[in-house]
Amino acid sequence: MSKTAALPGATPATATKLAHLGIRTQADLVLHLPLRYEDETRVTAIADLRPGIFAQVEAQIVESDVKYRPRRQLVVRVRDDSGDLVLRFLNFYGSQLKQLAAGRRLRIFGEPRGGFLGDEMVHPRYRLVGEDEPLPEAMTPIYPTTAGLSQLALRKCIDLALQQDDFADTLPEPLRKKLRLAPFADSVRLLHHPPPAVSLAELSDRDHPAWQRIKFDELLAQQLSLRRAHEARRAKTAPPLPAKGALTKKLLAALPFKLTAAQQRVWREIAVDLGEKHPMQRLLQGDVGSGKTVVAALAMLQAVENGHQAALMAPTEILAEQHYRKLSQWLAPLGLEIAWLSGSLKKKDKAAMAEAISSGRSPLAIGTHALIEEAVDFRRLGLAIIDEQHRFGVRQRLTLREKGANPHQLMMSATPIPRTLAMSYYADLDVSVIDELPPGRKPVLTKLVSEARRDEVIARIRDACDAGRQAYWVCPLIEESEKLQLQTAVDTFERLRAELPGVSVGLVHGRLKGEEKARMMGDFAAGRVQLLVATTVIEVGVDVPNASLMVIEHAERFGLSQLHQLRGRVGRGADASACILLYAHPLGETARARLKVIYENSDGFEIARQDLHLRGPGEFLGSRQSGVPLLRYADLEADAGLLDAARETAERLLREFPDAADRHVERWLGGRRELLKV
Ligand code: ADP
Ligand code: MG
């Protein structure tokens, strides 16, 4: 179905605007529900107007004038049987002046306030009417819209869709009755055009039975699509990669540490999954520093034991490089070749790496986005691992997976997504959690320090360096401009170098070439650089255990998960570590709330929970990251009861009424199929 065919009555320009609102089909229009309503069903006498309360007035124009004091404006005086009202338009067209001629009748909708000349309305909505024109019988819906699409135009499209849609209920009648839900058709009609008898308070609280039905339906569509995705996956065949132990046992024996109990548990879960003949799709969550990398390495080895290749993709060059070094160190004794692919490789080297991968000579590949370039072709990809998966879009994750024939997939994340959220937002995903840090980790002491005490912080860095330890200095975040961000990093570096003579200071930022970045990180890891000035390029994954002090400048500008990730760069070695959050006055309310959360908590899951609370799920996940479109009407926490019912109903529909399930998913998600993959 083409887009225009799906939206009868919409011009191509309107269709584009509608697409901005996520509206692609007629059903999308029907499900685009009002934010609120305005009551034009009643007329209020001018004498009864109350300041601050929206009302509709019907009156006749007495006079209409352009006045120049205090500035140019159109002032219209209108009158009904009870009194006079002044309308004021600060911006107006010449045509308006003509239109608003004395003697004309108007319906005016606006918020009255007391003015110098008596009651007045500034920029009210108005409409010319004839004598005895009937009042609308329903409330006027006000829809969420986008720039360039007027309420009127949107309302027209929606009303047309409301006339054309057949609204067949997707719930079989007995089931609907049992659930005590209102019919779908009645519910949408009521919400678009509530009759005067309905209380607006009930509608705005979304408690009304009509809202309950819509929220239930939305949750049901989500549950159905989750189950569909799960079934689709079970129908696919992946290469079974059972645990053989030939290589994994060798790695375990050679590691300088023992796996924590949590690592062992998740490793078992993954090892079993890999042995199945359906593709694994698992999210490995574990707080910063919980040791996900070694679990990834074990999984890769299990693929290799079975004669398959494994790939590990990381979002930044620094992180990918670090994985490459670490895994080379762990796996070299096993005689395995690892291919390394990054954007900064020379063309020739890239081609050589691609050849090693496509010939199958390299059983393992590690890299950045370069891994998913077209030229890279795996011979037998059995396992695709994505580190810091929230940094990648759905499309990129799919592309890596498509490099093999239904390979197993492991995603890793240190930005913990609360479990309920993960399960509801990602199409079909199993979750493993590492809920324990390796032994001997000392908690990181967090301090909030005002910018005014910068000197003390400098002294502290000197002490740490004198004692043979290392430190990070994270430059202030400047989101608006990459250029400015770079300049700030260079300035900070110069200034710290001047302030700390005798200390060897290094600088990394996003604009360095791959090899320059790698050299700087290598120097820091080896201790040749004592203080590393960095932008957020070090945010993910970087692991230098001897670094025990971190300063974050203008910490108030960072997001919570960013602060948590950054802080996780220290506290990895034997020394007690500290993270100093430098902040500047004045602190806004949310910035203060964020700093309080990070100061009081060290557990990533708790921080994520509070972050979710501060920001709401939409922003927390970003729809780009989620496999399933975010809920628009229902709320997972507030509507937990409906969610349970939707979950049960989904199961039953699929079993007993698969056609109804199809129609339901089509209605709710038909226009958004692309998003329904992970
Ligand atoms: P993350 O989960 O943040 O990716 P890493 O995998 O980078 O964490 O691990 C952090 C550090 O802890 C690394 O230096 C790693 O070698 C080390 N590590 C991992 N597991 C253990 C363990 N069981 N005991 C001791 N150290 C470990
Ligand atoms: Mg990591």
Side-chain angles (χ1 to χ4, degrees), residues 248 251-268 270 282-301 312-333 366-368 385-392 410-417 431-444 470 472 521-522 524-527 536-548 550 561-575 577 579 602-605 607-608:
T248 52
L251 173 59
L252 285 171
L255 283 177
F257 51 78
K258 215 172 137 290
L259 294 190
T260 62
Q263 282 170 317
Q264 284 175 30
R265 173 170 44 76
V266 301
W267 162 231
R268 263 198 310 275
I270 292 165
R282 196 169 269 281
L283 175 64
L284 175 57
Q285 293 199 332
D287 208 345
V288 181
S290 61
K292 296 181 289 293
T293 316
V294 67
V295 177
L298 286 164
M300 292 173 95
L301 287 181
L312 171 58
M313 179 162 77
T316 69
E317 186 114 14
I318 288 184
L319 184 54
E321 164 100 24
Q322 181 181 290
H323 282 331
Y324 175 66
R325 270 192 279 119
K326 188 139 232 170
L327 267 77
S328 301
Q329 177 196 330
W330 282 339
L331 305 185
I366 295 178
T368 57
I385 303 183
I386 296 174
D387 194 17
E388 307 293 345
Q389 62 91 24
H390 58 284
R391 292 295 201 92
F392 292 95
L410 180 65
M411 297 186 276
M412 308 201 287
S413 179
T415 298
I417 301 155
V431 181
S432 291
V433 180
I434 307 183
D435 52 6
E436 172 186 19
L437 293 181
R441 290 278 161 81
K442 302 214 179 61
V444 178
Q470 292 169 272
Y472 294 98
M521 291 311 293
F524 188 57
T536 48
V537 295
I538 61 148
E539 178 190 340
V540 286
V542 171
D543 185 31
V544 178
N546 192 46
S548 60
M550 168 168 288
S561 83
Q562 239 174 350
L563 289 173
H564 179 62
Q565 287 267 349
L566 285 168
R567 183 172 58 181
R569 300 307 115 219
V570 292
R572 299 182 155 235
D575 294 311
S577 295
C579 177
S602 59
D603 175 18
F605 280 85
I607 291 169

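Whatever order the structure lists ligands and atoms in, that order sets their numbers, starting from 1.
The line from CG of L437 to OG1 of T260 is 8.5 Å long, rounded to the nearest 0.5 Å. Atom CH2 of W267 and atom OG1 of T248 lie 5.0 Å apart (nearest 0.5 Å).
The ligand atoms of ligand 1 that sit less than 4.0 angstrom from a heavy atom of V288 are 3 (O). The contact set between ligand 1 and L259, taken as ligand atoms under 4.0 Å from a residue heavy atom, comprises 23 (N). The contact set between ligand 1 and T260, taken as ligand atoms under 4.0 Å from a residue heavy atom, comprises 23 (N). Taking a cut-off of under 4.0 Å to the non-hydrogen atoms of D543, the atoms of ligand 1 that pass are 11 (C), 13 (C), 14 (O). Annotation for ligand 1: atoms under 4.0 Å from non-hydrogen atoms of T293 are 4 (O), 5 (P), 6 (O), 7 (O). Close contacts between ligand 1 and K258 involve ligand atoms 22 (C), 23 (N), 24 (N) [criterion: under 4.0 Å to a heavy atom].
Judged purely by atom type and a 3.5 angstrom limit, E321 has no side-chain atom pairing as donor or acceptor with the backbone of I318. Under the 3.5 Å distance criterion, the side-chain polar atoms of Q264 are matched with a main-chain donor or acceptor of L259. The backbone N or O of S577 lies less than 3.5 Å from no partner atom in the side chain of S548, so there is not a single donor-acceptor pair.
Within the structure, the side chain to side chain donor-acceptor pair (under 3.5 Å) test picks out no pair touching residues 288-301 (sequence neighbours left out).
A search for side-chain contact (heavy atoms from CB on, under 4.5 Å) contacts involving A525 returns V544, not counting sequence neighbours.
Side chains of T368 and M313 form no contact here, defined as non-hydrogen atoms less than 4.5 Å apart.
Close N/O approach between K292 and ligand 1 is found [any backbone or side-chain N/O within under 3.5 Å]. Below 3.5 Å of separation, one finds an N or O of G291 facing an N or O of ligand 1. Of the N or O atoms in P438, none lie within a sub-3.5 Å distance of an N or O in ligand 1.
G286 does not count as a contact of ligand 1, since none of its heavy atoms falls under 4.0 Å from the ligand. Within the structure, the closest approach of K326 to ligand 1 falls below 4.0 Å when heavy atoms are considered.
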